[in-house]
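Just so we're clear, the structure is a prediction, and the values are computed from it rather than from any experiment.
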Amino acid sequence: MAKSPWNTQGWTVQKFLAPKTVLFYDTNWALYLNDCSPNYKESAVVMQELPGATGTDTRALVGFRPEMRGTREKGAVGVDGYHNA
C-alpha cells in the first residue's frame with residue numbers, strides 16, 4: 001500500500017478519515033488483499049499496513065472525529081504522501 005499511487009496525493013489521509021466505511025481495491029478492481037471485511041477501518045490486516053503507508057497513527061485513522069484536538073496536525077500530509085507534522 002505504501003507504494004500505491006493513492007498514497008502519493010496530499011489529501012489521502014483526509015479521504016480516509018472522513019467516511020465511516022472505507023474499502024480499497026487493486027488495479028483489477030478486486031478487494032485489496034482479498035480482504036472481504038465490510039469496512040477496512042475494522043480490518044486488522046489493512047490497519048496494520050496503514051500507519052506505515054500514511055505516517056498516521058492507527059488510533060487517529062480509526063477514531064477520528066472532526067472535533068478532535070489536533071485534527072489539523074493529524075491530517076497534515078504532504079504531496080509525497082508522508083506525514084509532515
- Query: So Tyr40 and Phe24, would you call those rings parallel, tilted or perpendicular, with 30° and 60° as cut-offs?
  - Reply: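 Tyr40 and Phe24: tilted rings.
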- Query: Do Leu33 and Glu49 have side-chain heavy atoms sitting under 4.5 Å apart?
  - Reply: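 The answer is yes, as the side chains (C-beta and beyond) meet within the 4.5 Å cut-off.
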- Message: Quick check: do Thr21 and Pro19 have side-chain heavy atoms less than 4.5 Å from each other?
- Response: no
Atom [atom1] of [X] and atom [atom2] of [Y]: how far apart are they, to the nearest 0.5 Å?
X: Asp35; Y: Met47; atom1: CG; atom2: CE; value: 11.5 Å
X: Lys41; Y: Leu50; atom1: NZ; atom2: CG; value: 10.0 Å
X: Lys20; Y: Asn39; atom1: NZ; atom2: CG; value: 11.0 Å

- Looking only at heavy atoms, the pair that brings Pro51 and Thr58 closest together is CG-OG1, 2.8 Å
